[in-house]
Amino acid sequence: KQICSLLGSVFFFSVMGCVLLFVVFRWEEERYTDGSKWRFLEHKGPVFAPPYEPLPDKVKFYYDGKPMKLSAPAEEVTTFFSKMLDHEYTTKDIFRKNFFKDWRKEMTSEEKSKITDLNKCNFSEMSEYFKTQSEARKQMSKEEKQKIKEENERLLQEYGFCIMDNHKERIGNFRIEPPGLFRGRGDHPKMGMLKRRIRPEDIIINCSKDSKQPKPPPGTKWKEVRHDNKVTWLASWTENIQGSIKYIMLNPSSRIKGEKDWQKYETARRLKKCVDRIRTQYRDDWKSKEMRIRQRAVALYFIDKLALRAGNEKEEGETADTVGCCSLRVEHIKLYPKMDDQEYVVEFDFLGKDSIRYYNKIPVEKRVFKNLQLFLENKQPEDDLFDRLNTSILNKHLQELMDGLTAKVFRTYNASITLQQQLKELTCPDDSVPAKILSYNRANRAVAILCNHQRAPPKTFEKSMQNLQTKIDEKQNQLSAARKQLKAAKADRKASRDEKSKKTVEVKRKAVQRIEEQLMKLQVQATDREENKQIALGTSKLNYLDPRISVAWCKKFGIPIEKIYNKTQREKFAWAIDMAEKDYEF
DNA sequence: CACAAGACTTGGTATCACCGAT
DNA sequence: ATCGGTGATACCAAGTCTTGTG
């Protein structure tokens with residue numbers, strides 16, 4: 001039964017007294033051809049955020065120096081703010097303005113008339129209270145913690161799974177997001193706005209007609225229950241900050257996500273077959289007499305060469321000002337006909353997704369450079385670089401070049417092919433396992449750099465590096481001590497020539513060897529960590545690298561798959577682990 | 001065709017749980 | 001038993017691309 005829920009369907013046949021067992025992996029089951037995603041879907045609905053618990057009376061809010069008891073709705077909003085007090089963004093004008101505006105909406109008319117200036121508000125007592133609370137939570141006894149854990153587990157068992165077609169599947173996010181203050185990323189114009197509480201009346205449930213429908217909490221009802229098998233989500237609601245829809249969907253380990261993932265890499269592999277043709281064509285298009293075609297061709301070149309994102313248009317003032325390829329503006333690039341010993345250098349400097357800075361200087365071909373000069377003519381810094389292009393034009397063109405081709409396929413393709421090449425280049429068959437893993441991480445890192453996956457250096461980075469260094473120093477001392485001992489033992493053997501001294505030499509030799517290995521491992525670890533300081537490997541590993549490349553590499557070099565993928569990742573990539581052999585080629 | 005809505009993937013960070021060292 | 005560091009996970013925001021509508 002366990003195997004069944006994990007892998008897929010198990011069939012038994014009995015032929016002439018022999019029991020035959022067939023396991024059909026989920027990813028080998030038949031897929032629907034009519035666009036439907038499932039036949040049967042049953043689940044228990046979402047788990048709602050716990051209701052607001054008013055503050056104890058002794059914890060006071062002060063306005064203009066005087067204590068003031070707030071109505072529950074207004075008080076709840078202040079708790080969100082006071083929990084954030086230590087963050088820099090509560091000092092930002094936009095955050096404070098948005099917060100204050102939304103907070104006032106929750107106030108009674110009396111409160112509204114009294115509280116007119118955020119600067120006269122004192123939340124420090126509340127802030128202290130929450131700090132004490134979280135301290136207390138950390139200090140809880142083992143039993144209490146165990147109890148909470150069990151309750152979480154119970155909730156997970158009850159609400160965390162659904163039945164889709166013949167399988168029990170893990171749900172990705174079965175808890176509804178609690179209310180709070182919105183904090184976008186980067187310079188977000190809506191930071192500080194109130195993210196309202198989601199009620200059952202906001203939720204649309206999706207399940208099959210013949211399933212047991214989820215029950216809303218007592219005394220409430222769902223907004224709607226529908227039976228749409230053309231989509232994969234189980235529940236949805238509209239969020240109030242951007243007015244966008246949020247969904248409850250399945251975990252990456254599910255059949256439906258796994259198949260999609262597989263399909264994505266198959267599309268990228270199809271691109272591999274025709275990428276030469278496409279490259280030849282866009283280079284040709286740099287000479288086109290039509291401006292729109294030249295722009296399209298230069299943009300595609302950037303997407304291909306630099307793994308830039310497509311760059312959809314965004315509504316101004318609704319989100320942080322970030323761009324991708326098609327939405328690049330004049331101010332985001334600089335042209336240098338000559339720079340140091342290179343010609344035709346383009347300097348990119350812009351904020352991409354999540355307001356992560358993209359900074360890069362690259363030499364380009366003369367034709368590209370001349371085209372860029374042309375695109376820049378008579379434009380202001382805030383004008384679009386590619387004024388005759390957007391993502392839908394570009395993708396329409398790509399669709400004509402290859403079925404299923406869109407801008408992001410280039411990112412997937414270039415990421416995966418880079419990993420494969422780098423692994424080929426960096427792996428020495430004679431290396432130890434840790435050294436091979438270092439090579440793997442370096443290959444992974446090359447991809448992360450290509451895709452510009454950055455992270456803030458961990459807060460504990462310097463310290464942990466230091467710790468590691470002391471460990472290395474200690475190991476080195478150990479090693480020289482062990483070597484001395486070995487030398488002494490050898491001398492002793494020469495002098496006495498008895499069995500016992502011979503054995504001692506062997507023992508000491510082994511010890512030296514062991515310490516050498518340990519030292520090497522530590523040094524490798526230090527190198528790896530240093531190189532990884534500002535680079536995030538997770539995103540590319542999870543979203544861009546065909547897992548079959550990694551699985552094949554592991555099989556080829558006898559690396560246990562656990563060294564590359566942790567438990568969650570192994571679950572997500574179960575299809576690839578099952579499928580790929582050591583000679584798999586992307 | 002433009003535009004908005006909808007669905008789904010990709011993204012960084014805060015927090016949690018665990019584990020080895022003290 | 002406690003502490004602190006670390007990897008795993010939860011969280012939820014922000015992209016891409018498709019679909020629907022007038």
Side-chain angles (χ1 to χ4, degrees), chain A residues 35 37 84 87 134 137-139 141-142 145-146 148-149 152 156 172-178 180 182-186 188 190-191 195 204 206 228 230-233 236 238-239 241-247 249-252 256-257 260-261 263-264 303 309-315 318-320 322-327 351-356 390-396 398-399 404-412 415 448 451-461 463-468 471 525 529 534-544 565-569 571:
Chain A
K37 309 282 172 74
M84 294 174 141
H87 264 102
S134 90
R137 225 167 309 137
K138 275 181 212 151
Q139 297 301 322
S141 72
K142 221 194 247 166
K145 279 184 181 167
Q146 185 60 27
I148 293 174
K149 207 179 151 190
N152 276 334
L156 171 68
N173 56 326
F174 59 94
R175 286 168 202 274
I176 301 275
E177 293 169 22
F182 176 82
R183 165 67 183 133
R185 299 203 247 265
H188 199 115
K190 298 195 172 183
M191 65 169 80
K195 227 172 72 162
I204 302 174
N206 194 29
D228 181 357
K230 298 282 193 283
V231 297
T232 68
W233 51 267
S236 74
T238 303
E239 153 271 349
I241 303 289
Q242 320 273 1
S244 67
I245 307 169
K246 298 235 174 176
Y247 302 92
M249 288 185 189
L250 297 192
N251 186 277
I256 208 150
K257 294 285 185 191
K260 200 82 190 296
D261 209 34
Q263 207 179 69
K264 173 180 80 185
I303 284 170
R309 296 187 186 81
N312 285 312
E313 294 115 299
K314 303 167 74 181
E315 218 171 324
E318 293 292 300
T319 60
T322 63
V323 298
C325 186
C326 294
S327 50
L351 296 181
K353 181 176 177 180
D354 291 317
S355 294
I356 298 288
N390 61 41
T391 54
S392 102
I393 295 172
L394 178 66
N395 280 334
K396 216 162 274 164
L398 293 176
Q399 179 59 40
L405 187 60
T406 60
K408 85 187 184 84
V409 179
F410 281 88
R411 246 167 106 81
T412 312
C451 294
N452 199 38
H453 291 143
Q454 297 187 30
R455 62 166 181 176
K459 285 188 190 77
T460 54
F461 186 83
K463 208 161 127 206
S464 87
M465 262 334 252
Q466 262 172 20
N467 288 346
L468 198 52
K471 268 191 188 168
Q525 208 183 343
R529 204 179 290 175
Q534 305 196 56
I535 297 166
L537 299 185
T539 303
S540 53
K541 202 176 198 176
L542 240 43
N543 299 303
Y544 288 104
Y565 290 142
N566 66 29
K567 184 166 147 283
T568 322
Q569 294 165 339
E571 280 165 10

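Only a predicted model underlies this, so the values are computations on that prediction, with no experimental measurement involved. Residue numbering restarts at 1 for every chain, and letters A, B, ... go by the order of the sequence lines.
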Report which part of the nucleic acid [X] touches: base, sugar-phosphate, or nothing (heavy-atom distance under 4.0 Å, all strands).
| X | value |
| --- | --- |
| A:F182 | sugar-phosphate |
| A:K541 | nothing |
| A:I241 | nothing |
| A:K195 | sugar-phosphate |
| A:P252 | nothing |

Whole-Å distance between [N] [atom2] and [X] [atom1]?
| X | N | atom1 | atom2 | answer |
| --- | --- | --- | --- | --- |
| A:I356 | C:dA14 | CD1 | P | 12 Å |
| A:N452 | C:dA14 | CG | C1' | 15 Å |
| A:H188 | C:dC12 | NE2 | C1' | 13 Å |
| A:Y247 | C:dA14 | OH | P | 17 Å |
| A:K190 | C:dC12 | NZ | C1' | 16 Å |

Could you walk me through whether A:T539 and A:C451 satisfy the side-chain contact (heavy atoms from CB on, under 4.5 Å) test, starting with their C-alpha distance in whole Å, then the side-chain angles of each, then the deciding distance to 0.1 Å, before giving a yes or no? CA-CA 9 Å; A:T539 303; A:C451 294; over 6 Å; no
Under 3.5 Å donor-acceptor pair, A:R185 side-chain atoms to C:dA13 base atoms: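 Check passes, donor-acceptor contact within cut-off.
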I need the A:T391 OG1 to A:E313 CD distance, nearest 0.5 Å.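 Result: 6.0 Å between the selected atoms.
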Would you say [X] and [Y] make side-chain contact, with heavy atoms under 4.5 Å?
| X | Y | answer |
| --- | --- | --- |
| A:K353 | A:T322 | no |
| A:D228 | A:W233 | no |
| A:K257 | A:N251 | no |

Please work out which of the three classes, parallel, tilted or perpendicular, describes the rings of A:H188 and A:F182, given edges at 30° and 60°. perpendicular
Heavy-atom neighbours of A:K230 NZ exceed 12 at 6.0 Å: yes
For the backbone of A:Y247 and the side chain of A:N173, can you confirm whether one donor and one acceptor N or O come within less than 3.5 Å of each other?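 Yes, because the side chain of A:N173 sits within donor-acceptor range (under 3.5 Å) of the backbone of A:Y247.
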DNA chain B: 5'-most and 3'-most nucleotides touching chain A, 4.0 angstrom heavy-atom criterion: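 Contact span on the strand: B:dG6 to B:dC18.
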Here's a test of your reading of the structure: between A:H87 and A:H453, which maps to the more 5' nucleotide of DNA chain B? A:H453
Comparing A:T232 and A:R455 on DNA chain B - which has the more 5′ nearest nucleotide: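 So the residue in question is A:T232.
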Heavy-atom pair with the smallest gap, counting every atom of A:C326 and A:L394: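 Smallest heavy-atom distance, with atoms named: SG-CD2, 4.0 Å.
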Which nucleotides of nucleotides 15-22 of chain C have their base under 4.0 Å from a protein heavy atom (B), which only their sugar-phosphate (S), and which neither (-), written as one string 5' to 3'? SBBS----
